[in-house]
Amino acid sequence: MKIGYPCVNDSLPCTSTSTFRLASYSEERLVQAVSNNLACLQRILEYNVSHGLLFFRMGSGIVPFGSHPVNTFPWQTHFAAELKSVGDYIKANNLRVSFHPDQFVVLNSPDPGIVERSVQELVYQGSVLDLMGLDSTMKLQIHAGGLYGDMESALTRWIATYHTLPEAVKARLVVENDDRLYSLRSCLRLHEAVGVPILFDNLHHECLNHGEPMAEALALAFSTWHPQRDGVPMMDYSAQSVGERKGKHTASLDEALFREFLTHLHGHDADIMLEIKDKEASAHRACAIMHDVGLLVHAASVSV
DNA sequence: CGGCGTCAAGTATCG
DNA sequence: CGATACTTGACGCCG
């Protein structure tokens, strides 16, 4: 069981997703940004290791304009050594990383151009994992996409697109239940059709479900992960921000709610990504709770 | 150097 | 019909 947080570390004075405006694109700026981002990513991973946080979501902007036609620079070869070095560090320290391509990645759009750009973005993020030398347990996490007024045809288009994906993407792709359109049950339709694992988000499930109790939903989602190919199931954990829009993430970890959630795991292994605004601060507290309830057995001497 | 308008990309919903 | 939200604000122009 690993605890993680997404994209940003607020304790370190660097960012692994520095970018610049398209209008000011130059190869010089690109090289500068990627170089900076990889160096910061390495620092974040070292911080995570020293604090027992073994799961991390990398930001999509590690290579600015990574799937944009403006970017014709051969960053894959130019940064091959740096990418491999980060990957070696990840493997040597038993870390797990993932990507969560943003809302622009929509595999079931009726617009072929949008689908093509979405596939290119997945290819870019998958190639980063490939160049790091990481296997298919390091995932690319997306949502099912839009509804366009008809879920059946939207699911059919998603499946058709899936079959066209390159193997490097297919092997790593996982689908997350969302909070408004595609419930766990809807995502399971995709799993049944093509075998794609379902990444469970507890808060989204609370927002959109078909009455499945939390423990049952977790078991269902986890059962879609193939142990050898996919590794331990990943999940997103968050809690509702009290008094705010439905689905809004809480600013910091509510320890009682988190402890209550853990009881629903019933011994299932999972790597938990905390989607909580204060990032590693809550991740530290989650780790302490996991130790307390006996779910984390490694890393006895963790400093905070 | 601080303020603030704007930024590659999509979809659906809320006012 | 424009603003807003989503895993994440921050780039960069202007004064």
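Residue numbers start from 1 in every chain, and the chains themselves are labelled A, B, ... in the order their sequence lines are given, proteins ahead of strands. Values below: every heavy atom of this structure, side chains too, minus hydrogens, waters and symmetry copies.
Residue A/Phe65 is classed as a base contact, given a heavy-atom separation below 4.0 Å to a base. Across all strands, A/Glu275 comes closer than 4.0 Å only to sugar-phosphate atoms, never to a base (heavy-atom distances). Within the 4.0 angstrom heavy-atom criterion, only backbone atoms of the sugar-phosphate kind lie near A/Ser24; the bases stay farther away. A/Gly59 comes within 4.0 angstrom of no nucleic acid atom, judged by non-hydrogen atoms across all strands. Using a 4.0 Å heavy-atom distance criterion, A/Ser109 is classed as a sugar-phosphate-only contact. Note on A/Ser67: a base of the nucleic acid sits closer than 4.0 angstrom, heavy atoms only.
Using a 4.0 Å cut-off, no side-chain N or O of A/Arg21 falls inside it from OP1 or OP2 of C/dA10. In this model, the phosphate group of B/dC14 is not approached by any side-chain N or O of A/Arg180 to a distance below 4.0 Å at OP1 or OP2. Close to C/dT7, at under 4.0 Å from its OP1 or OP2, lies a side-chain N or O of A/His204. Side-chain N/O atoms of A/Lys277 include one lying less than 4.0 angstrom from OP1 or OP2 on C/dG9.
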Walk me through whether A/Asp236 and A/Arg57 qualify under salt bridge (Lys or Arg N to Asp or Glu O under 4.0 Å).
CA-CA 11 Å; A/Asp236 286 351; A/Arg57 180 185 298 164; 3.3 Å; yes
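Atom CD in A/Glu176 sits roughly 13 Å away from atom P in C/dC6 (whole-Å rounding). When the P atom of C/dC6 is taken as reference, atom CG of A/Asn177 falls 16 Å away, rounded to whole Å. For the pair A/Arg29 CZ and B/dA8 P, the computed distance is 12 Å after rounding to whole Å. Atom C1' of nucleotide B/dA12 and atom CG of A/Leu208 are separated by 14 Å, given to the nearest angstrom. The nearest whole Å value for the distance from the NE2 atom in A/His100 to the C1' atom in C/dA5 is 13 Å. Rounded to an integer number of Å, the gap from A/His143 NE2 to C/dA5 P is 16 Å. When rounded to the nearest whole Å, the span between CD of A/Gln32 and P of C/dG12 equals 12 Å. At whole-Å resolution of the value, CG in A/Leu140 and P in C/dT7 are 16 Å apart.
Considering only the side chain of A/Asp102, C/dT7 comes nearest among C/dG12, B/dT11, C/dT7. Taking only side-chain atoms of A/Leu181, from C-beta outward, the nucleotide of B/dA8, B/dA12, C/dT7 with the closest atom is B/dA12.
For A/Asp10 and A/Lys279, the salt-bridge test fails: no basic side-chain N is under 4.0 Å from an acidic carboxylate O.
Under the Watson-Crick or G-U wobble criterion, with both distances below 3.5 Å, B/dA12 is paired with C/dT4.
Mapped onto DNA chain C by nearest heavy atom, A/Cys7 and A/Thr19 fall at different nucleotides, with A/Cys7 at the one closer to the 5' end. Of the residues near DNA chain C, A/Leu22 and A/Asp201, the one whose nearest nucleotide (by heavy atom distance) lies more toward the 5' end is A/Asp201.
B/dA9 has its base stacked against the ring of A/Phe104, the centroids being under 5.5 angstrom apart at an interplanar angle below 30°.
C/dA3 and B/dG5 have their C1' atoms separated by 15 Å, given to the nearest Å. Taking the C1' atom of each, C/dT4 and B/dC7 are spaced 16 Å apart, rounded to whole Å. Atom name P, nucleotides B/dC1 and C/dT7: the rounded distance is 35 Å, in whole Å. C/dT8 and B/dT6: their P atoms are spaced 24 Å apart (whole Å). To the nearest whole angstrom, the two C1' atoms, one in C/dC6 and one in B/dC4, are 23 Å apart. Rounded to whole Å, the separation between the P atoms of B/dG10 and C/dG9 comes to 22 Å.
With 3.5 Å as the limit, one finds a donor-acceptor pair spanning the side chains of A/Thr137 and A/Asp135.
Not less than 6.0 angstrom separates the ring centroid of A/Trp225 from the ring centroid of A/Phe200. Annotation: A/Phe65 is in aromatic contact with A/Phe20 [ring centroid separation under 6.0 Å].
Residues A/Phe79 and A/Val63 fail the side-chain proximity criterion, which asks for heavy atoms closer than 4.5 Å. Annotation: side chain of A/His266 is not in contact with side chain of A/Leu218 (no heavy-atom distance under 4.5 Å).
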